[in-house]
Amino acid sequence: MGNSFICRTKKDTKDNGSRSKRIGRSQRKMLAEEEFLHRQALSMALHQHQLSQRFDGSMSRRIGSTSSRRHTDPLANTEKKVLESLENIKFKRVILIHGEGFGAWCWYKTIAQLEEVGLLPTAVDLTGSGIDLTDTNSVTTLAEYSKPLIHYLENLPEDEKVILVGHSSGGACLSYALEHFPEKISKAVFLCATMVSNGQRPFDVFAEELGSAERFMQESQFLIHGNGKDKPPTGFMFEKQLMKGLYFNQSPTKDIALAMVSMRPTPLGPIMEKLSLSPEKYGTGRRFYIQTLDDRALSPDVQEKLVRENPPEGVFKIKGTDHCPFFSKPQSLHKILVEIIQIP
């Protein structure tokens, strides 16, 4: 037995050393990769655990968990009460009216949330807006601009009413509808909107930010002359960077990107038209106002002035939201809309 001794040449020793070094480097590389993969897996596992902790309550309510802790979750009880309350609401149709440049597309979050609680939301494209193919330059009156909304109201069953929600200059369409179809409207919700008084133009509400209507018509670089430069302007559209600052200062990036590729010019005629609103019709409507407190398009001071000069039945406020709460604060907006709908 004994110890064996193997004689190696100098070349053999050198080759073996090189192989050892290569194997050592290879093993170290493999170990490093394994360590990296291990850390990745651990990180993913921790992330998944955090997500499950964060969303466990809402998921368990959907799948009907038997956990006693989850059954006593106050949030679940609140949601249950809301659903039960809304089941007893007589009028569940909610018509969503967009503002200048927008379309029905801007309400996608609101629609999903309202449907989840059993309501029946419908977002309308006003004439020349969204996917409506009408040339914006041909829309010259508020009646023409509001035609899709009016058509909807005209075709409602006699015993049916709707809740109207209007954003920004879409508030003028709400006022127009309240004047012409007061019997069809259960409530009208003005969302940082142009809730004008009798004889006032929707544009007048924006005068603090844009200057007088006369000056805007003469000097604005955002005007569109659809019938030729020698003819009166037919519409307007802000430059994209300006829109981002005015409308979307608190909105998520993805929603801003959606708006940038979806917004269209606004017809000028409808927002320059003075509204004729009577106490007998418009004045009998149940109006509510939602103020947006970080709004750069329609400042909180202007919104406060609107509700002071033309008092609605109720005023609600959303903190930390820009001019588009359906993007920047969808949950807060949803909560307020549901609260308004539940008011007897």
Side-chain angles (χ1 to χ4, degrees), residues 95 97-102 124 126-129 136 138-150 153-154 164-220 222-223 232-236 266-292 295 297-315 323:
I95 312 304
I97 309 300
H98 61 82
E100 66 282 355
F102 292 86
V124 175
L126 298 172
T127 307
S129 306
T136 304
S138 69
V139 182
T140 58
T141 66
L142 186 58
E144 194 174 359
Y145 188 49
S146 305
K147 194 175 288 185
L149 170 60
I150 301 308
L153 294 174
E154 285 175 338
L164 295 184
V165 181
H167 171 242
S168 199
S169 64
C173 300
L174 263 64
S175 298
Y176 183 85
L178 279 169
E179 179 65 23
H180 291 84
F181 295 93
E183 74 285 356
K184 298 283 189 181
I185 300 165
S186 170
K187 294 165 185 166
V189 183
F190 292 77
L191 176 60
C192 51
T194 52
M195 189 174 65
V196 298
S197 302
N198 180 46
Q200 194 176 17
R201 295 176 292 198
F203 183 90
D204 295 339
V205 175
F206 295 96
E208 186 172 305
E209 278 79 13
L210 300 176
S212 69
E214 292 72 23
R215 181 181 173 187
F216 183 81
M217 293 284 282
Q218 292 172 3
E219 301 177 8
S220 178
F222 308 114
L223 292 173
T234 53
F236 74 93
T266 301
L268 199 58
I271 67 167
M272 291 296 181
E273 184 178 319
K274 292 183 179 180
L275 271 75
S276 180
L277 305 173
S278 66
E280 298 79 20
K281 293 183 177 181
Y282 171 83
T284 62
R286 299 186 67 186
R287 292 177 292 111
F288 299 84
Y289 200 97
I290 302 176
Q291 296 179 340
T292 44
D295 195 325
L298 194 64
S299 72
D301 288 343
V302 171
Q303 294 181 50
E304 190 64 40
K305 183 181 177 184
L306 287 176
V307 300
R308 188 169 60 248
E309 294 179 348
N310 190 11
E313 183 176 326
V315 177
H323 195 57

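- Residue Thr284 comes nearest to Pro182 through the heavy atom pair OG1-CB, 4.2 Å, listed as atom of the first residue, atom of the second, then distance.
- Remark: the backbone N or O of Gly235 is not paired with any side-chain donor or acceptor of Thr266 at under 3.5 angstrom.
- Atom-to-atom distance recorded for Leu164:CG and Leu149:CG is 6.0 Å, nearest 0.5 angstrom.
- Annotation: side-chain hydrogen bond (donor to acceptor under 3.5 Å, both in side chains) contacts of Gln200 (sequence neighbours excluded): none.
- No side-chain heavy atom of Ile97 sits less than 4.5 Å from a side-chain heavy atom of Val165.
- Residues satisfying the side chain to side chain contact (heavy atoms under 4.5 Å, CB included) test with Thr127, not counting sequence neighbours, are Asp132, Thr134, Val139, Lys147, Pro148.
- Side-chain atoms of Phe206 and Ser168, non-hydrogen and from C-beta on, do get closer than 4.5 Å to each other.
- Here the CD1 atom belonging to Ile150 is positioned 7.0 Å from the CD atom belonging to Glu154, to the nearest 0.5 angstrom.
- Judged as a side-chain hydrogen bond (donor to acceptor under 3.5 Å, both in side chains), and not counting sequence neighbours, Thr136 has no contacts.
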_Worked verdict on Val189 versus Ile290 for side chain to side chain contact (heavy atoms under 4.5 Å, CB included)_ = CA-CA 7 Å; Val189 183; Ile290 302 176; 3.7 Å; yes
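- Heavy-atom minimum distance, Leu306 versus Ala193: CD1-O, 3.4 Å.
- Within the model, atoms CG of Asn198 and OH of Tyr282 stand 9.5 Å from one another, a figure rounded to the nearest 0.5 Å.
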Indicate every side-chain donor-acceptor pair of residues 268-276 with a distance under 3.5 Å to a residue at least two apart or in another chain.
{"from": "Glu273", "atom 1": "OE1", "to": "Leu142", "atom 2": "N", "distance (Å)": "2.8"}

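- Using a 4.5 Å heavy-atom threshold, the side chains of Val124 and Ile95 count as touching.
- Shown here are the side chain to side chain contact (heavy atoms under 4.5 Å, CB included) partners of Lys187, two or more places apart in sequence or in another chain: Ile163, Arg286, Phe288, Ile340, Ile343.
- Remark: of the listed residues Lys184, Lys281, Arg287, Arg287 is the sole one forming a side-chain contact (heavy atoms from CB on, under 4.5 Å) with Leu178.
- With rounding to the nearest 0.5 Å, the separation of CD in Glu304 from OG in Ser299 is 10.5 Å.
- Residue pairs that meet the ring-ring contact (aromatic ring centres under 6.0 Å, His included) test with at least one member in residues 164-195, sequence neighbours left out, are Phe102-His167, His167-His323, His167-Phe326, Tyr176-His180.
- Residues Val302 and Val205 meet the side-chain proximity criterion, which asks for heavy atoms closer than 4.5 Å.
- Scored by the side-chain hydrogen bond (donor to acceptor under 3.5 Å, both in side chains) test, Thr292 finds Asp295, Gln303 as partners (sequence neighbours excluded).
- In this view, Ser129 satisfies the side-chain hydrogen bond (donor to acceptor under 3.5 Å, both in side chains) rule with no residue, not counting sequence neighbours.
- With a 4.5 Å cut-off on side-chain heavy atoms, Ser175 and Leu277 count as touching.
- A donor-acceptor pair under 3.5 Å is absent between the side-chain atoms of Tyr145 and the main chain of Gly170, judged by distance alone.
- Residues passing the side chain to side chain contact (heavy atoms under 4.5 Å, CB included) test with Val315 are Gln291, Val307, Pro312, sequence neighbours excluded.
- Side-chain atoms of Glu100 come within 3.5 Å of backbone atoms of Ser169 as a donor-acceptor pair (strictly under, hydrogens ignored).
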